[in-house]
Amino acid sequence: MSDKVLSQFKQTVKEEEKAIGKKLKIGIIGTGWIAESHVECYKQMKDVEIVAGADLIPGKAERFFARYGVEGVRCYPSHKEMLDNEELDAVSICTYNRQHAIPTIYALEKGVNVLLEKPMCVTTEEAVEIMRAEKRSGKILSVGFQPRMDNNMKMIKKIVESGELGKIYYIQTGGGRRRGIPNSTFIEDKTAGIGAMGDIGCYSLDMVLNAIGYPKPLTATGYISNYFGTNPLYNNPADAKRFDVEDFAAAFVRLEGDIVLDFRISWAMHLDTPGDTVILGTKGALRIPSTECWNGSVGGPMTLYHDVAGKQVQTEIPLCPPVSKGLFYHKIRSFLDAIQNGTEAPIPTSEILYNQAIIDAIVQSARIGKEIEIEIPEI
(Lines give C-alpha, C1' and ligand atoms only; values in the text may rest on other atoms or scores of the structure.)
Protein backbone atom coordinates (compact mmCIF):
# COMPACT_ATOMS: atom_id res chain seq x y z
CA MET A 1 0.00 0.00 0.00
CA SER A 2 2.88 2.37 0.77
CA ASP A 3 4.23 1.87 -2.75
CA LYS A 4 0.82 2.77 -4.13
CA VAL A 5 0.76 6.00 -2.15
CA LEU A 6 4.33 6.80 -3.14
CA SER A 7 3.56 6.29 -6.82
CA GLN A 8 1.25 9.32 -6.69
CA PHE A 9 4.26 11.54 -6.26
CA LYS A 10 6.59 10.21 -8.93
CA GLN A 11 7.41 12.79 -11.54
CA THR A 12 9.13 12.83 -14.86
CA VAL A 13 11.50 15.70 -15.47
CA LYS A 14 11.45 16.92 -19.03
CA GLU A 15 13.56 19.80 -20.23
CA GLU A 16 12.64 21.43 -23.50
CA GLU A 17 14.60 23.89 -25.53
CA LYS A 18 12.96 27.28 -25.59
CA ALA A 19 12.27 28.81 -28.96
CA ILE A 20 14.23 31.99 -29.49
CA GLY A 21 11.85 34.94 -29.53
CA LYS A 22 12.49 38.65 -29.53
CA LYS A 23 15.97 39.68 -28.40
CA LEU A 24 15.39 41.21 -24.98
CA LYS A 25 17.44 44.20 -23.88
CA ILE A 26 18.47 43.78 -20.26
CA GLY A 27 19.83 46.17 -17.65
CA ILE A 28 21.35 45.23 -14.30
CA ILE A 29 20.97 47.53 -11.29
CA GLY A 30 23.57 46.81 -8.64
CA THR A 31 26.73 44.89 -9.54
CA GLY A 32 27.55 43.12 -6.28
CA TRP A 33 27.99 39.38 -5.82
CA ILE A 34 24.37 38.37 -6.50
CA ALA A 35 24.57 40.10 -9.90
CA GLU A 36 27.29 37.62 -10.85
CA SER A 37 24.74 34.80 -11.03
CA HIS A 38 22.42 36.96 -13.14
CA VAL A 39 25.15 37.76 -15.67
CA GLU A 40 26.32 34.15 -15.86
CA CYS A 41 22.78 33.00 -16.63
CA TYR A 42 21.95 35.79 -19.09
CA LYS A 43 25.10 34.97 -21.04
CA GLN A 44 23.72 31.46 -21.70
CA MET A 45 20.52 32.75 -23.26
CA LYS A 46 20.38 33.52 -26.96
CA ASP A 47 17.36 35.81 -26.70
CA VAL A 48 19.09 38.20 -24.30
CA GLU A 49 21.40 41.17 -24.73
CA ILE A 50 22.82 42.91 -21.67
CA VAL A 51 23.01 46.54 -22.74
CA ALA A 52 23.19 48.60 -19.54
CA GLY A 53 24.24 48.51 -15.91
CA ALA A 54 24.17 50.81 -12.91
CA ASP A 55 26.03 51.00 -9.63
CA LEU A 56 26.49 53.79 -7.10
CA ILE A 57 30.21 53.08 -6.68
CA PRO A 58 32.21 54.79 -9.47
CA GLY A 59 33.81 52.31 -11.86
CA LYS A 60 32.32 49.24 -10.19
CA ALA A 61 29.86 48.44 -12.99
CA GLU A 62 32.53 48.87 -15.67
CA ARG A 63 34.89 46.51 -13.84
CA PHE A 64 32.08 44.02 -13.26
CA PHE A 65 31.09 43.66 -16.91
CA ALA A 66 34.73 43.58 -18.03
CA ARG A 67 35.39 40.73 -15.61
CA TYR A 68 32.57 38.72 -17.17
CA GLY A 69 33.54 39.53 -20.72
CA VAL A 70 30.30 41.38 -21.53
CA GLU A 71 31.21 44.05 -24.04
CA GLY A 72 29.43 47.22 -25.09
CA VAL A 73 27.49 47.66 -21.84
CA ARG A 74 26.67 51.30 -21.10
CA CYS A 75 27.24 51.98 -17.39
CA TYR A 76 25.56 54.59 -15.21
CA PRO A 77 26.04 55.91 -11.65
CA SER A 78 22.37 55.42 -10.73
CA HIS A 79 19.31 53.42 -11.70
CA LYS A 80 17.49 56.65 -12.56
CA GLU A 81 20.06 57.75 -15.13
CA MET A 82 20.13 54.30 -16.67
CA LEU A 83 16.36 54.03 -16.96
CA ASP A 84 16.05 57.61 -18.23
CA ASN A 85 18.52 56.99 -21.04
CA GLU A 86 17.91 53.39 -22.12
CA GLU A 87 15.12 51.54 -23.91
CA LEU A 88 15.00 48.32 -21.90
CA ASP A 89 12.73 45.30 -21.87
CA ALA A 90 13.71 44.18 -18.38
CA VAL A 91 16.02 44.82 -15.45
CA SER A 92 17.51 42.64 -12.75
CA ILE A 93 17.55 44.50 -9.46
CA CYS A 94 20.50 43.24 -7.43
CA THR A 95 20.96 46.05 -4.92
CA TYR A 96 21.03 45.70 -1.14
CA ASN A 97 17.66 45.25 0.60
CA ARG A 98 16.94 48.86 1.47
CA GLN A 99 17.42 49.82 -2.18
CA HIS A 100 15.00 47.25 -3.59
CA ALA A 101 11.83 49.33 -3.57
CA ILE A 102 12.98 52.62 -5.12
CA PRO A 103 14.55 51.31 -8.36
CA THR A 104 11.80 48.70 -8.74
CA ILE A 105 9.08 51.33 -8.61
CA TYR A 106 11.00 53.63 -10.96
CA ALA A 107 11.59 50.83 -13.49
CA LEU A 108 7.92 49.89 -13.48
CA GLU A 109 6.94 53.52 -13.96
CA LYS A 110 9.23 53.56 -17.00
CA GLY A 111 7.39 50.54 -18.42
CA VAL A 112 10.19 48.04 -17.78
CA ASN A 113 9.68 44.48 -16.57
CA VAL A 114 11.47 43.68 -13.31
CA LEU A 115 13.19 40.65 -11.81
CA LEU A 116 13.63 41.70 -8.19
CA GLU A 117 16.04 39.79 -5.97
CA LYS A 118 14.77 38.56 -2.62
CA PRO A 119 13.78 39.67 -0.10
CA MET A 120 11.12 41.70 -1.89
CA CYS A 121 12.05 44.70 0.30
CA VAL A 122 12.21 45.46 4.04
CA THR A 123 8.74 46.59 5.15
CA THR A 124 5.14 45.79 4.32
CA GLU A 125 4.58 49.40 3.31
CA GLU A 126 7.37 49.18 0.72
CA ALA A 127 5.92 45.93 -0.63
CA VAL A 128 2.52 47.56 -1.03
CA GLU A 129 4.00 50.55 -2.89
CA ILE A 130 5.88 48.18 -5.21
CA MET A 131 2.68 46.30 -5.97
CA ARG A 132 0.76 49.49 -6.63
CA ALA A 133 3.42 50.56 -9.13
CA GLU A 134 3.26 47.10 -10.70
CA LYS A 135 -0.52 47.36 -11.02
CA ARG A 136 -0.32 50.80 -12.64
CA SER A 137 2.36 49.70 -15.07
CA GLY A 138 0.85 46.45 -16.27
CA LYS A 139 4.39 45.04 -16.50
CA ILE A 140 5.76 41.77 -15.15
CA LEU A 141 7.41 41.78 -11.74
CA SER A 142 8.83 38.50 -10.46
CA VAL A 143 10.66 38.04 -7.14
CA GLY A 144 13.88 36.02 -6.94
CA PHE A 145 12.96 32.81 -5.12
CA GLN A 146 14.92 30.24 -7.12
CA PRO A 147 14.15 27.35 -4.69
CA ARG A 148 10.67 27.34 -6.27
CA MET A 149 12.33 25.85 -9.36
CA ASP A 150 13.63 22.83 -7.42
CA ASN A 151 11.80 19.57 -8.12
CA ASN A 152 11.77 18.65 -4.43
CA MET A 153 10.10 21.95 -3.57
CA LYS A 154 7.51 21.26 -6.24
CA MET A 155 7.03 17.81 -4.73
CA ILE A 156 6.17 19.32 -1.33
CA LYS A 157 3.40 21.36 -2.92
CA LYS A 158 2.21 18.35 -4.89
CA ILE A 159 1.94 16.23 -1.74
CA VAL A 160 -0.05 18.91 0.10
CA GLU A 161 -2.37 19.49 -2.87
CA SER A 162 -2.97 15.74 -3.24
CA GLY A 163 -4.95 15.79 0.01
CA GLU A 164 -2.81 13.01 1.47
CA LEU A 165 -2.16 15.15 4.58
CA GLY A 166 -5.78 16.22 5.02
CA LYS A 167 -6.41 19.64 6.52
CA ILE A 168 -3.16 21.38 7.45
CA TYR A 169 -3.22 22.80 10.97
CA TYR A 170 0.42 23.21 12.14
CA ILE A 171 3.72 23.89 10.41
CA GLN A 172 7.19 24.02 11.90
CA THR A 173 9.83 25.48 9.62
CA GLY A 174 13.06 27.42 9.54
CA GLY A 175 16.61 26.21 9.60
CA GLY A 176 19.89 28.01 9.50
CA ARG A 177 23.54 27.61 10.28
CA ARG A 178 25.70 26.87 13.29
CA ARG A 179 28.18 29.41 11.94
CA GLY A 180 27.34 31.27 8.75
CA ILE A 181 27.29 35.03 9.24
CA PRO A 182 27.80 36.90 5.95
CA ASN A 183 29.44 40.31 5.68
CA SER A 184 29.29 43.27 3.32
CA THR A 185 25.88 45.00 3.14
CA PHE A 186 24.07 42.05 4.79
CA ILE A 187 24.88 43.00 8.37
CA GLU A 188 23.95 46.68 8.73
CA ASP A 189 20.47 48.09 9.15
CA LYS A 190 21.21 51.04 6.88
CA THR A 191 21.73 48.70 3.92
CA ALA A 192 20.05 45.37 4.78
CA GLY A 193 17.22 46.43 7.07
CA ILE A 194 16.73 42.79 8.05
CA GLY A 195 19.35 40.11 8.63
CA ALA A 196 18.94 36.33 8.67
CA MET A 197 15.24 36.61 7.86
CA GLY A 198 15.89 38.55 4.67
CA ASP A 199 18.79 36.34 3.62
CA ILE A 200 17.52 32.79 4.26
CA GLY A 201 14.37 33.03 6.37
CA CYS A 202 12.27 34.24 3.46
CA TYR A 203 13.19 31.02 1.60
CA SER A 204 11.98 28.71 4.37
CA LEU A 205 8.77 30.70 4.70
CA ASP A 206 8.18 30.49 0.96
CA MET A 207 8.74 26.73 0.93
CA VAL A 208 5.79 26.04 3.23
CA LEU A 209 3.54 28.98 2.40
CA ASN A 210 3.75 28.20 -1.31
CA ALA A 211 2.91 24.55 -0.58
CA ILE A 212 -0.29 25.46 1.29
CA GLY A 213 -1.41 28.19 -1.12
CA TYR A 214 -0.11 31.28 0.69
CA PRO A 215 -2.93 31.90 3.18
CA LYS A 216 -3.16 35.40 4.62
CA PRO A 217 -1.16 35.96 7.81
CA LEU A 218 -3.24 37.24 10.73
CA THR A 219 -1.04 37.69 13.80
CA ALA A 220 2.58 37.24 14.84
CA THR A 221 4.55 36.94 18.06
CA GLY A 222 8.19 37.48 17.21
CA TYR A 223 11.63 37.37 18.79
CA ILE A 224 14.93 38.51 17.32
CA SER A 225 18.50 38.65 18.66
CA ASN A 226 22.08 39.21 17.49
CA TYR A 227 24.24 37.71 20.23
CA PHE A 228 26.65 36.13 17.75
CA GLY A 229 26.92 38.79 15.05
CA THR A 230 27.92 41.46 17.57
CA ASN A 231 30.42 39.23 19.41
CA PRO A 232 34.03 39.27 18.10
CA LEU A 233 34.44 35.70 19.42
CA TYR A 234 32.08 34.52 16.69
CA ASN A 235 32.37 37.22 14.05
CA ASN A 236 35.11 39.24 12.43
CA PRO A 237 35.87 42.02 14.99
CA ALA A 238 35.43 44.78 12.42
CA ASP A 239 32.13 43.30 11.28
CA ALA A 240 30.98 42.76 14.86
CA LYS A 241 31.30 46.49 15.51
CA ARG A 242 28.92 47.42 12.71
CA PHE A 243 26.54 44.46 13.04
CA ASP A 244 23.04 45.74 13.89
CA VAL A 245 20.53 43.33 12.30
CA GLU A 246 19.21 40.00 13.63
CA ASP A 247 21.25 36.81 13.39
CA PHE A 248 18.43 34.76 14.93
CA ALA A 249 14.65 35.02 14.75
CA ALA A 250 11.73 32.98 16.02
CA ALA A 251 8.00 33.50 15.70
CA PHE A 252 4.56 32.06 16.22
CA VAL A 253 2.33 33.12 13.31
CA ARG A 254 -1.39 32.53 12.88
CA LEU A 255 -2.64 32.11 9.31
CA GLU A 256 -6.07 32.09 7.75
CA GLY A 257 -7.66 28.65 7.75
CA ASP A 258 -6.81 27.97 11.41
CA ILE A 259 -3.16 27.21 10.63
CA VAL A 260 -0.28 27.89 12.99
CA LEU A 261 3.26 28.53 11.73
CA ASP A 262 6.18 27.95 14.13
CA PHE A 263 9.26 29.57 12.58
CA ARG A 264 12.97 29.68 13.51
CA ILE A 265 15.93 30.90 11.45
CA SER A 266 19.58 31.54 12.26
CA TRP A 267 22.90 32.71 10.88
CA ALA A 268 24.74 31.49 14.00
CA MET A 269 23.91 29.41 17.07
CA HIS A 270 25.26 26.59 19.24
CA LEU A 271 23.29 24.01 17.26
CA ASP A 272 23.53 22.50 13.79
CA THR A 273 19.83 23.14 13.03
CA PRO A 274 16.75 24.35 14.92
CA GLY A 275 14.87 21.41 13.41
CA ASP A 276 13.40 19.86 10.31
CA THR A 277 10.37 21.34 8.61
CA VAL A 278 7.21 19.52 9.67
CA ILE A 279 3.75 19.90 8.11
CA LEU A 280 0.98 18.35 10.23
CA GLY A 281 -2.42 17.52 8.78
CA THR A 282 -5.51 15.66 9.95
CA LYS A 283 -4.74 12.64 7.71
CA GLY A 284 -0.95 12.64 7.65
CA ALA A 285 2.28 14.54 8.26
CA LEU A 286 5.32 15.37 6.18
CA ARG A 287 8.87 15.71 7.52
CA ILE A 288 11.30 17.69 5.34
CA PRO A 289 14.95 17.37 6.41
CA SER A 290 16.69 20.66 7.08
CA THR A 291 19.64 21.88 5.02
CA GLU A 292 22.95 23.21 6.28
CA CYS A 293 22.68 26.69 4.83
CA TRP A 294 19.57 26.91 2.63
CA ASN A 295 21.04 25.95 -0.72
CA GLY A 296 17.70 25.87 -2.52
CA SER A 297 16.65 22.27 -1.96
CA VAL A 298 15.80 19.88 0.88
CA GLY A 299 18.28 18.12 3.15
CA GLY A 300 17.40 14.56 2.17
CA PRO A 301 14.51 12.23 1.37
CA MET A 302 11.22 13.39 2.88
CA THR A 303 9.02 11.16 5.03
CA LEU A 304 5.24 10.90 4.81
CA TYR A 305 3.58 9.68 8.04
CA HIS A 306 0.05 8.31 7.63
CA ASP A 307 -2.27 5.45 8.53
CA VAL A 308 -3.05 2.62 6.11
CA ALA A 309 -5.76 0.09 6.99
CA GLY A 310 -5.43 0.99 10.66
CA LYS A 311 -1.63 0.68 10.62
CA GLN A 312 0.81 3.54 11.23
CA VAL A 313 2.97 3.74 8.13
CA GLN A 314 5.98 5.80 7.04
CA THR A 315 6.63 6.31 3.35
CA GLU A 316 9.96 7.70 2.19
CA ILE A 317 9.73 10.19 -0.67
CA PRO A 318 12.95 9.79 -2.71
CA LEU A 319 14.84 12.89 -3.72
CA CYS A 320 13.89 14.21 -7.14
CA PRO A 321 16.58 14.73 -9.79
CA PRO A 322 18.02 18.25 -10.02
CA VAL A 323 17.03 20.56 -12.83
CA SER A 324 19.55 21.03 -15.62
CA LYS A 325 21.56 24.27 -15.70
CA GLY A 326 20.72 25.07 -12.06
CA LEU A 327 17.91 26.76 -10.15
CA PHE A 328 19.15 30.29 -10.77
CA TYR A 329 19.08 29.78 -14.51
CA HIS A 330 15.48 28.57 -14.38
CA LYS A 331 14.47 31.47 -12.16
CA ILE A 332 15.68 33.92 -14.77
CA ARG A 333 14.45 31.82 -17.69
CA SER A 334 10.92 31.64 -16.26
CA PHE A 335 10.88 35.44 -15.91
CA LEU A 336 12.02 35.96 -19.50
CA ASP A 337 9.54 33.37 -20.77
CA ALA A 338 6.75 35.31 -19.09
CA ILE A 339 7.85 38.44 -20.97
CA GLN A 340 8.19 36.61 -24.28
CA ASN A 341 4.87 34.77 -23.95
CA GLY A 342 2.82 37.46 -22.21
CA THR A 343 2.09 35.21 -19.23
CA GLU A 344 1.97 35.96 -15.52
CA ALA A 345 5.01 36.41 -13.29
CA PRO A 346 6.39 33.02 -12.15
CA ILE A 347 6.88 34.27 -8.57
CA PRO A 348 4.07 36.81 -8.11
CA THR A 349 4.15 39.70 -5.69
CA SER A 350 0.65 38.80 -4.50
CA GLU A 351 2.23 35.84 -2.72
CA ILE A 352 5.52 37.37 -1.62
CA LEU A 353 3.63 40.30 -0.06
CA TYR A 354 2.51 37.86 2.66
CA ASN A 355 6.07 36.59 3.09
CA GLN A 356 7.27 40.16 3.58
CA ALA A 357 4.40 41.02 5.92
CA ILE A 358 5.30 38.10 8.19
CA ILE A 359 8.95 39.14 8.38
CA ASP A 360 8.00 42.76 9.05
CA ALA A 361 5.52 41.67 11.75
CA ILE A 362 8.17 39.54 13.47
CA VAL A 363 10.44 42.58 13.71
CA GLN A 364 7.65 44.84 14.98
CA SER A 365 6.43 42.29 17.51
CA ALA A 366 9.95 41.71 18.82
CA ARG A 367 10.42 45.45 19.34
CA ILE A 368 7.30 45.86 21.49
CA GLY A 369 7.44 42.43 23.11
CA LYS A 370 3.93 41.20 22.36
CA GLU A 371 1.71 39.71 19.67
CA ILE A 372 0.56 42.04 16.90
CA GLU A 373 -2.10 41.88 14.22
CA ILE A 374 -0.80 41.82 10.67
CA GLU A 375 -2.51 44.53 8.67
CA ILE A 376 -2.02 44.64 4.90
CA PRO A 377 -3.36 47.72 3.06
CA GLU A 378 -5.40 47.39 -0.10
CA ILE A 379 -3.38 47.40 -3.30
Side-chain angles (χ1 to χ4, degrees), residues 32-34 36-37 96-97 117-119 122 144-150 152-153 156 171-189 191-210 222-253 261-279 287-302 319 322 326-328 331 355-356 358-359 362-363 366:
W33 73 271
I34 196 64
E36 297 175 2
S37 296
Y96 49 79
N97 299 348
E117 266 303 332
K118 63 81 194 165
V122 175
F145 282 77
Q146 66 270 8
R148 286 268 194 110
M149 309 297 149
D150 178 62
N152 296 291
M153 296 296 180
I156 296 168
I171 298 173
Q172 170 186 300
T173 195
R177 309 161 183 166
R178 184 166 180 172
R179 294 290 187 276
I181 301 173
N183 52 30
S184 186
T185 60
F186 282 86
I187 63 174
E188 291 186 273
D189 180 78
T191 50
I194 43 180
M197 286 190 291
D199 180 28
I200 54 178
C202 61
Y203 284 146
S204 60
L205 288 173
D206 187 66
M207 175 177 70
V208 294
L209 293 173
N210 178 54
Y223 169 83
I224 59 175
S225 62
N226 58 7
Y227 293 117
F228 288 78
T230 57
N231 190 333
L233 290 176
Y234 304 112
N235 197 7
N236 179 290
D239 289 340
K241 287 183 180 179
R242 62 191 185 93
F243 194 103
D244 60 357
V245 293
E246 86 285 348
D247 59 31
F248 176 84
F252 194 78
V253 183
L261 174 64
D262 185 354
F263 169 69
R264 281 81 45 88
I265 201 75
S266 177
W267 270 342
M269 56 186 168
H270 288 305
L271 196 66
D272 55 351
T273 175
D276 293 341
T277 290
V278 175
I279 303 177
R287 181 182 296 278
I288 306 163
S290 62
T291 62
E292 183 179 352
C293 64
W294 262 99
N295 60 4
S297 188
V298 302
M302 297 179 282
L319 287 174
L327 301 179
F328 221 97
K331 172 178 77 173
N355 190 304
Q356 195 70 52
I358 289 172
I359 291 173
I362 293 170
V363 173

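Keep in mind it's a predicted model, so treat the numbers as computed, not measured.
- Side chains of I288 and V278 form no contact here, defined as non-hydrogen atoms less than 4.5 Å apart.
- D239 pairs by the salt bridge (charged side-chain N to carboxylate O under 4.0 Å, His left out) definition with R242, not counting sequence neighbours.
- The distance from atom CG of D206 to atom CD1 of I358, rounded to the nearest 0.5 Å, is 10.5 Å.
- For E117, the salt bridge (charged side-chain N to carboxylate O under 4.0 Å, His left out) partners are K331, not counting sequence neighbours.
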For residues 192-202, which side-chain donor-acceptor pairs fall under 3.5 Å, sequence neighbours excluded?
| unit_1 | atom_1 | unit_2 | atom_2 | d |
| --- | --- | --- | --- | --- |
| D199 | OD1 | K118 | NZ | 3.4 |
| D199 | OD2 | W267 | NE1 | 2.9 |

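- Considering only residues two or more places apart in sequence or on other chains, T291 meets the side-chain contact (heavy atoms from CB on, under 4.5 Å) condition with W294, N295.
- Legend: residues meeting salt bridge (charged side-chain N to carboxylate O under 4.0 Å, His left out) with R264, ordered by chain and number and at least two apart, are D262.
- What you find for I224 and A366 is that their closest heavy atoms are CG1-CB, 3.7 Å.
- The two residues M149 and L327 have their closest heavy-atom pair at C-CD2, 3.7 Å.
- Here F228 pairs with Y234, H270 under the ring pair (Phe, Tyr, Trp, His ring centres under 6.0 Å) rule; sequence neighbours left out.
- Of the inter-residue distances, the one linking D272 atom CG with S266 atom OG reads 11.0 Å to the nearest 0.5 angstrom.
- Remark: N355 engages Y214 in a side-chain hydrogen bond (donor to acceptor under 3.5 Å, both in side chains) (not counting sequence neighbours).
- Residues satisfying the ring pair (Phe, Tyr, Trp, His ring centres under 6.0 Å) criterion with Y203, sequence neighbours excluded, are F145.
- Proximity of L261 to L205: side-chain heavy atoms (C-beta onward) are separated by under 4.5 Å at one or more points.
- Atoms CG and CD1, on L209 and I171 in that order, are 7.0 Å from each other to the nearest 0.5 Å.
- For T277, the side-chain hydrogen bond (donor to acceptor under 3.5 Å, both in side chains) test picks out T173, with sequence neighbours left out.
- For the atom pair CG (N210) and CE (M153), the distance works out to 10.0 Å, reported to the nearest 0.5 Å.
- One finds the CG atom of N235 at 6.0 Å from the CD1 atom of I187 (value rounded to the nearest 0.5 Å).
- Residues satisfying the side-chain contact (heavy atoms from CB on, under 4.5 Å) test with S37, not counting sequence neighbours, are F328.
- No donor-acceptor pair closer than 3.5 Å links the side chain of S225 to the backbone N or O of Y227.
- A pairwise comparison of heavy atoms in V245 and D189 identifies CG1-N, 3.7 Å as the closest pair.
- A distance-only check finds a donor-acceptor pair linking the side chain of Q172 to the backbone of D276 [under 3.5 Å].
- Remark: T191 pairs with Y96, T185, E188 by the side-chain contact (heavy atoms from CB on, under 4.5 Å) rule, at least two apart or across chains.
- With S184 contributing its side chain and F186 its backbone, the two residues share no donor-acceptor pair below 3.5 Å.
- Within the model, atoms CG of N236 and CZ of F243 stand 12.0 Å from one another, a figure rounded to the nearest 0.5 Å.
- When all heavy atoms of P274 and G176 are compared, the pair lying nearest together is CD-N, 4.2 Å.
- Taking both residues in full, the closest heavy atoms of R177 and G180 are given as NH1-O, 2.6 Å, listed atom of the first, atom of the second, then distance.
- Heavy-atom minimum distance, S297 versus D150: OG-OD2, 3.1 Å.
- In this structure, the side chain of N226 does not engage the main chain of G229 through any donor-acceptor pair within 3.5 Å.
- Annotation: side-chain contact (heavy atoms from CB on, under 4.5 Å) contacts of L271 (sequence neighbours excluded): M269.
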